[in-house]
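Structure first, commentary second.
Just so we're clear, the structure is a prediction, and the values are computed from it rather than from any experiment. Any value given below was found using the heavy atoms of this structure, including those in side chains, with hydrogens, waters and symmetry copies removed.
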Amino acid sequence: RAKADPHVPHARYDSRMDEPSRTRVALLDDLAQALTRGEIQVHYQAQHDTMTGAVVGYEALARWTHPQRGAISPAVFIPLAEETGLIDAIGAFVLREACQLAAREPQPVRVAVNVSAVQLCDPRFDRLVHQILVDTGLSPARLELELTETALITHRDRALHAMRRLKALGVQIAVDDFGVGYSSLEAINLFPIDKIKIDRSFVTTYDVEPKGRMLLKAIITIGESLQVPILAEGVETPAQLAFLRSVGCTQVQGFLLDHPRRREHLPLDEERDGDGVAEVA
Ligand code: C2E
Ligand code: MG
Ligand code: MG
Ligand code: MG
């Protein structure tokens with residue numbers, strides 16, 4: 001995706017537009033105000049060690065509550081933010097908020113933050129990350145940046161440079177939605193990656209699609225060979241969890257174990273052993 005020029009004025013209403021385009025334009029206008037109006041929030045979803053059930057990290061997920069339309073999915077507003085350049089401000093907000101939370105967390109768990117290709121390709125991005133780490137006092141090793149394989153391959157050279165600078169800061173890099181892009185193996189071959197997140201679609205279909213089982217096993221074997229931990233996303237059933245455990249998947253994340261929730265609802269300072277994975281095992 002080409003980097004949007006934030007100086008291009010927004011398209012305005014046009015009576016010839018169809019309904020979806022009108023909604024889109026209206027949303028674009030509202031999104032420009034959303035951050036300053038406090039409508040954007042960050043929710044967190046736990047990531048668990050598959051074997052022990054311990055929480056090893058949280059993924060930060062942006063939420064937009066529109067004053068009239070209610071909750072708008074990040075699958076809708078993040079692409080709009082990328083097109084308009086608003087992703088820089090929204091992304092920085094999510095990053096700072098997530099690092100603040102993790103810095104307060106007494107246990108040394110990680111916080112994972114999604115980074116869009118637009119942010120990664122901004123030559124000032126590593127300086128922003130460094131500044132936020134300094135301001136919040138978070139140890140760089142506890143910050144994990146999630147990049148999709150499509151973002152990496154599409155912007156290969158710039159992405160590689162950016163990733164080297166980020167690694168030099170000491171932050172971790174995870175590949176998100178692994179397996180659904182066009183160049184999954186190329187992505188793990190070319191880039192210095194610390195974690196692979198298997199796309200939810202493999203977990204969802206493994207039991208109905210016999211091939212799915214094989215693919216999950218194969219991806220986990222790749223991770224083992226490269227000594228890169230593998231996290232399976234979208235774990236919704238005890239059967240899926242049992243299977244992932246049996247094939248040695250390192251970490252799991254999904255509605256079975258935890259839903260994304262506001263920071264106020266996180267069990268900070270609480271005893272978390274036995275929470276989630278162990279109970280449903
Ligand atoms: P993602 O990074 O792959 O995040 C995982 C998505 O799966 C989240 O959707 C999460 O709520 C959802 N999920 C987790 N467990 C389950 C499950 O068991 N079942 C099902 N059906 N879904 C599950 P969400 O929060 O709607 O986010 C969608 C996507 O929007 C994210 O996919 C990510 O690509 C993007 N996104 C969200 N927040 C940010 C952000 O701050 N910055 C950027 N650049 N992208 C973001
Ligand atoms: Mg993610
Ligand atoms: Mg994902
Ligand atoms: Mg995704």
Donor-acceptor side-chain pairing of Ser184 and Glu149 below 3.5 angstrom: yes
Determine whether Pro192 and Leu160 make a side-chain contact, defined as any pair of heavy atoms from C-beta on separated by less than 4.5 Å. yes
Identify the two heavy atoms, one from Gly234 and one from Val203, that lie closest to each other, and give their separation to 0.1 Å. O-CG1, 3.8 Å
Derivation of the side chain to side chain contact (heavy atoms under 4.5 Å, CB included) call for Gln100 and Arg263: CA-CA 11 Å; Gln100 266 166 4; Arg263 63 188 288 172; 4.2 Å; yes
Would you check if Leu95 and Val129 make a side-chain contact, meaning some heavy-atom pair closer than 4.5 Å? yes
Let me confirm one number: the CD1-CG distance from Ile193 to Leu147, rounded to the nearest 0.5 Å. 8.5 Å
Min side-chain heavy-atom separation Pro260-Tyr58 under 4.5 Å: no
All heavy atoms of Ala232 vs all of Leu244, minimum pair found to be CB-CD1, 3.7 Å
Checking Arg213 against Phe243: charged group under 6.0 Å from the ring centre and within 45 degrees of the axis? yes
For Ile230, is there any backbone N or O sitting under 3.5 Å from a side-chain donor or acceptor partner on Thr250? yes
Does Thr237 offer a backbone N or O that forms a donor-acceptor pair with the side chain of Gln240 under 3.5 Å? yes
Any idea which heavy atoms bring Ala92 and Gln119 closest together, and the distance? N-NE2, 4.3 Å
May I ask you to say whether Arg142 pairs ionically with Glu105, meaning some side-chain N is under 4.0 Å from a carboxylate O? no
With distance as the sole criterion, is a donor-acceptor pair present between the side chains of Gln253 and Lys197 under 3.5 Å? yes
Any chance you could measure Asp199, atom CG, to Asp176, atom CG, to the nearest 0.5 Å? 8.0 Å
Could you go through Asp194 and Lys167, starting from their C-alpha distance and side-chain angles, then the distance that decides it, and tell me whether this counts as salt bridge (charged side-chain N to carboxylate O under 4.0 Å, His left out)? CA-CA 10 Å; Asp194 301 298; Lys167 295 279 295 181; 2.8 Å; yes
Verify the cluster assignment for Phe191 and Leu185: are they in a single hydrophobic cluster under the rule of side-chain heavy atoms below 4.5 Å apart? yes
Is it true that Val56 and Val113 fall in one hydrophobic cluster, defined by side-chain heavy atoms closer than 4.5 Å? no
Any link between Ile132 and Ile87 through a network of hydrophobic side chains (Ile, Leu, Val, Met, Phe, Trp, Tyr) touching at under 4.5 Å? yes
Looking at side-chain heavy atoms only, is the closest gap between Asn114 and Ile78 below 4.5 Å? no
Arg156 and Glu186: CA distance, side-chain angles, deciding distance, side chain to side chain contact (heavy atoms under 4.5 Å, CB included) verdict: CA-CA 10 Å; Arg156 179 190 314 227; Glu186 192 180 8; 2.9 Å; yes
What closest approach, in Å, do Leu120 and Ala162 show between heavy atoms, and which atom pair accounts for it? O-CB, 3.4 Å
Pairwise side-chain contact, Gln251 with His48, heavy-atom cut-off 4.5 Å (strictly under): no
Is there side-chain contact between Val76 and Leu27, with at least one heavy-atom pair below 4.5 Å? yes
CG (Leu231) and CD1 (Ile196) are apart, to the nearest 0.5 Å, by 11.0 Å
Determine whether more than 12 heavy atoms belonging to other residues, nucleotides or ligands lie under 6.0 Å from atom CD of Gln227. no
Compare all side-chain heavy atoms of Ile198 with those of Leu216 and state whether any distance is below 4.5 angstrom. yes
Determine whether Tyr44 and Leu101 satisfy the following criterion, side chain to side chain contact (heavy atoms under 4.5 Å, CB included), listing intermediate values before the conclusion. CA-CA 10 Å; Tyr44 298 88; Leu101 177 84; 3.6 Å; yes
From Leu31 CG over to His66 NE2, what is the distance, rounded to the nearest 0.5 angstrom? 9.0 Å
Any idea which heavy atoms bring Pro74 and Ala62 closest together, and the distance? CG-O, 3.6 Å
Ile220 to Cys249 - nearest heavy-atom pair and separation: CD1-CB, 3.7 Å
Passing candidate, side-chain contact (heavy atoms from CB on, under 4.5 Å) with His130, options Asp135, Val171, Leu169: Leu169
Should Trp64 and Ile90 be marked as a side chain to side chain contact (heavy atoms under 4.5 Å, CB included) after you check the CA-CA gap, both sets of side-chain angles, and the distance that decides it? CA-CA 11 Å; Trp64 179 17; Ile90 294 175; over 6 Å; no
Pick one: which of Glu144, Glu59, Glu146, Glu233 meets salt bridge (Lys or Arg N to Asp or Glu O under 4.0 Å) with Lys195? Glu144
In one Ile/Leu/Val/Met/Phe/Trp/Tyr side-chain cluster, 4.5 Å: Phe178, Leu226: yes
Separation of Ile173 CD1 from Arg164 CZ (nearest 0.5 Å): 12.5 Å
Rounded to the nearest 0.5 Å, how far apart are CG of Leu61 and CZ of Arg63? 5.0 Å
Are Phe125 and Leu145 close enough that some pair of their side-chain heavy atoms sits under 4.5 Å apart? yes
